[in-house]
Number of protein chains: 2
Amino acid sequence: MKDVAARAGVGLKTVSRVVNGEPGVTPDTERRVQEAITALGFRRNDSARILRKGRTASIGLVLEDLADPFYAPLSRAVEEVARAHGALLINGSSAEDGERERELVLALCARRVDGLVVVPAGGDHRYLEPEIAAGVATVFVDRPAAGIEADTVLSDNFGGARAGVAHLIARGHRRIGFIGDLPRIHTAAERLRGYRAAMAGAGLPVDESWVALGPTGPDRVRADTERMLADRGPGPVTALFTANNRVTVTVVRVLAGRQRRVALVGFDDFELADLLTPPVTVVAQEPALLGRKAAELLFRRLEGSGDAPQRLELPTRLVPRGSGEVPPQP
Amino acid sequence: MKDVAARAGVGLKTVSRVVNGEPGVTPDTERRVQEAITALGFRRNDSARILRKGRTASIGLVLEDLADPFYAPLSRAVEEVARAHGALLINGSSAEDGERERELVLALCARRVDGLVVVPAGGDHRYLEPEIAAGVATVFVDRPAAGIEADTVLSDNFGGARAGVAHLIARGHRRIGFIGDLPRIHTAAERLRGYRAAMAGAGLPVDESWVALGPTGPDRVRADTERMLADRGPGPVTALFTANNRVTVTVVRVLAGRQRRVALVGFDDFELADLLTPPVTVVAQEPALLGRKAAELLFRRLEGSGDAPQRLELPTRLVPRGSGEVPPQP
DNA sequence: CTGAAAGCGCTTACAG
DNA sequence: CTGAAAGCGCTTACAG
């Protein structure tokens, strides 16, 4: 910039004015400055600008896995809102590891992102307190934070799961299995609570062999599914409720290889669910809407909204397609 | 940092040493500085650090759509490599718009990212010349850049498409339709070239009504598919080659609603392809590998490799599953 | 082992 | 309409 000023024979401030399109420069001066800029290949260094202005016009997004078909649209929605506000998006995957989440979040804070959208993986977010106190707006999405008060956008995991299981009960099922994610994950726990509420609401007992929680890798899910389908103790389950899209996909594979028809309702919609045999009934969330709402809340904070932390809960939608309407088979 | 120094009764440089874990500080001094840091809630401002050091330890990724099931794993792979090198990832979607790509790339350059991985959308990348000259390492992935020399990582689009179409020809198909993306997109053009090469190689004529190019939205693809399946002129096609995963998914939907069985081979693998009826034969690429190779190449440049620009071409793999083995039906 | 000075490339506040 | 000075928060190069 100094070089540009020297070449154009003007002061630094004038170059700054031209670069930022500020008023108060004669057309003639402006032309001279523009010429110097192109001749020297000048490109403004935003690092310096950021240092001086305080705002970075960038926000951070930390989620579990950028490549997961549930989080990818969420991420894209956050990006679109950021773009509409002239901000860039820095994002990273926590891989469901609390320590990695913390490292990422703190790295983003050190870069002085204006705000943060976080899908929490860790079990304690008090490490964020100094950052929030220092002015980093933070919104949690998909799951609530632990240990601090902050804006949060969630789906109705409890209600959605309860409705899905009630749907199976209404079709005559009495022995219904639940295959879910790690119980420390909020969404997994809420969906399990929904399952239990639906069963209890219908006066049905839950045999604990019908509940399987754990990592969503195919091996574990396959093993648990096969165990539940085997005839043991209280009789095999006639229906399954799968608590997220990764689990559902694996269970669909297991069921595809079997004679006996077992009813299935899955939490989370997924592409091509309607073209499977039978088409898969799901409790659908809207990942893009979660992302959009979270980002909008974030920018409202950045614009100075001083309301108390908000908690939004988005509804889910039961989509009957066939697999959830299979009657109980002996 | 000034406050910390004052409170600890030391110089600025000593605080800097402690914050960066540099040697040459007595344990006692270090303790005093640490106390001041926690008491004041000091957090290093990386913007200032970046301004001084020159390197930002961040790279940019610009692709078509973060939420696309093809690009999401590519993006995740780039993130993992960046993480291994201690860098953050800033990314954005161009939405297949050359102007938006340019804006994003230039915004990333203004932030002085150390390097750039780009899936080009625009048709002219000379705007990047000054940036590259200024030292921003750039790698293009999935598609080559136009108008400049740069490192590039591609799939074997031509060979993959030719093999897929040859597979259909070997099953006895003579009238094969091609449904592809916009012809200005490099991958789309290459795959079409592969189709034509396979047909020509078998001495088969191509009726131009069998070739449909355009945006990959469901309406256009559905209309073109239905048109090709209708009996007209040279007779209806008995097989279709779909040139990317978005197109394939729509065509699967169209075929699912029809009596006559039509063979199908799609470019790009996709989740659940093996559970459809019939399971879908595909020419698979490895999006994560594309991303990983591109990012590795980028970091090799950042470490100072001065070789001539490289062009990597990754092989594709034909995965027969059923839909591509359907014989010709009248 | 420790620190004062200069500077990274901008913007802010002010004066002409 | 234009510019000189100070400063954003660090690090670098140097001296003690």
Side-chain angles (χ1 to χ4, degrees), chain A residues 1-37 40-58 86 106-107 109-114 130-131 134-136, chain B residues 1-37 40-58 106-114 130-131 134-136:
Chain A
M1 197 152 131
K2 215 163 52 184
D3 298 341
V4 173
R7 180 171 179 130
V10 300
L12 268 177
K13 178 60 201 165
T14 302
V15 178
S16 173
R17 285 199 183 90
V18 172
V19 170
N20 296 307
E22 286 166 29
V25 181
T26 20
D28 185 55
T29 315
E30 175 161 0
R31 222 204 35 252
R32 283 211 324 281
V33 173
Q34 286 290 9
E35 272 171 20
I37 285 176
L40 268 45
F42 169 78
R43 312 167 306 139
R44 184 176 68 192
N45 183 331
D46 276 0
S47 296
R49 176 164 228 255
I50 284 164
L51 179 58
R52 197 56 239 250
K53 302 205 77 155
R55 282 234 165 163
T56 58
S58 58
L106 291 178
C109 289
R111 299 297 176 99
R112 295 291 189 274
V113 291
D114 297 332
E131 309 297 334
V136 181
Chain B
M1 196 152 129
K2 216 163 52 185
D3 299 341
V4 173
R7 180 171 179 129
V10 299
L12 269 178
K13 179 60 201 166
T14 301
V15 178
S16 175
R17 285 199 183 89
V18 172
V19 169
N20 296 306
E22 285 167 30
V25 182
T26 20
D28 185 58
T29 315
E30 175 161 1
R31 222 205 36 250
R32 283 213 324 281
V33 172
Q34 286 292 7
E35 273 171 20
I37 285 175
L40 268 48
F42 169 78
R43 312 166 308 140
R44 183 176 69 194
N45 183 332
D46 277 1
S47 296
R49 176 164 227 254
I50 284 165
L51 178 58
R52 198 56 238 251
K53 302 206 78 156
R55 284 231 163 165
T56 58
S58 58
L106 291 178
L108 293 167
C109 289
R111 298 296 176 99
R112 294 292 189 272
V113 291
D114 297 331
E131 309 297 335
V136 181

Enquirer: Students often get this wrong, so: under 4.0 angstrom with heavy atoms, is B:Arg44 touching a base, only sugar-phosphate, or nothing?
Expert: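 Sugar-phosphate only.
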
Enquirer: Look at all strands and tell whether A:Asp46 reaches a base, only sugar-phosphate, or nothing, counting heavy atoms closer than 4.0 Å.
Expert: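 Answer is nothing: A:Asp46 stays at 4.0 Å or more from every strand.
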
Enquirer: With heavy atoms under 4.0 Å as the rule, sort B:Val19 into base, sugar-phosphate or nothing.
Expert: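 Since no nucleic acid heavy atom lies under 4.0 Å of B:Val19, the category is nothing.
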
Enquirer: With a 4.5 Å heavy-atom cut-off, do B:Asp46 and B:Arg49 have their side chains touching?
Expert: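 Sidechains of B:Arg49 and B:Asp46: in contact.
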
Enquirer: Looking at every non-hydrogen atom in both residues, tell me the closest pair between A:Asp114 and A:Ala57 and how far apart they are.
Expert: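 Distance-wise, the nearest heavy atoms are OD2-N, 2.8 Å.
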
Enquirer: Can you give me the first and the last nucleotide of DNA chain D (5' to 3') that has an atom within less than 4.0 angstrom of a non-hydrogen atom in chain A?
Expert: D:dC1 to D:dG9

Enquirer: Between CZ of B:Arg111 and CZ of A:Arg44, what distance do you get to the nearest 0.5 Å?
Expert: 9.5 Å

Enquirer: Between B:Leu12 and A:Ala48, who's closer to the 5' end of DNA chain C by nearest nucleotide?
Expert: B:Leu12

Enquirer: Within the 4.0 Å heavy-atom criterion, would you say A:Thr29 contacts the bases, only the backbone, or no part of the nucleic acid?
Expert: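 Sugar-phosphate contact only - A:Thr29 comes under 4.0 Å of backbone atoms but never of a base.
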
Enquirer: A:Ile50 versus B:Leu51: any side-chain heavy-atom pair under 4.5 Å?
Expert: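 Of all side-chain heavy-atom pairs linking B:Leu51 with A:Ile50, none is under 4.5 Å.
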
Enquirer: Considering every strand and a 4.0 Å limit on heavy-atom distances, what is the contact class for B:Lys53: base, sugar-phosphate, or nothing?
Expert: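 Touches sugar-phosphate only.
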
Enquirer: Mapping B:Lys13 and B:Arg112 to their closest nucleotides on DNA chain C, which lands nearer the 5' end?
Expert: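 So the residue in question is B:Lys13.
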
Enquirer: If you round to the nearest 0.5 Å, how far is CZ of B:Arg7 from CD1 of B:Ile37?
Expert: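 The CD1 atom of B:Ile37 sits 11.5 Å away from the CZ atom of B:Arg7.
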
Enquirer: For C:dT2, which nucleotide in any strand shown is its Watson-Crick or wobble partner with both distances under 3.5 Å?
Expert: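 WC or wobble partner is D:dA15.
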
Enquirer: Are A:Val33 and A:Glu30 packed together at the side-chain level, in the sense that at least one heavy-atom pair is separated by less than 4.5 angstrom?
Expert: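 Sidechains of A:Glu30 and A:Val33: no contact.
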
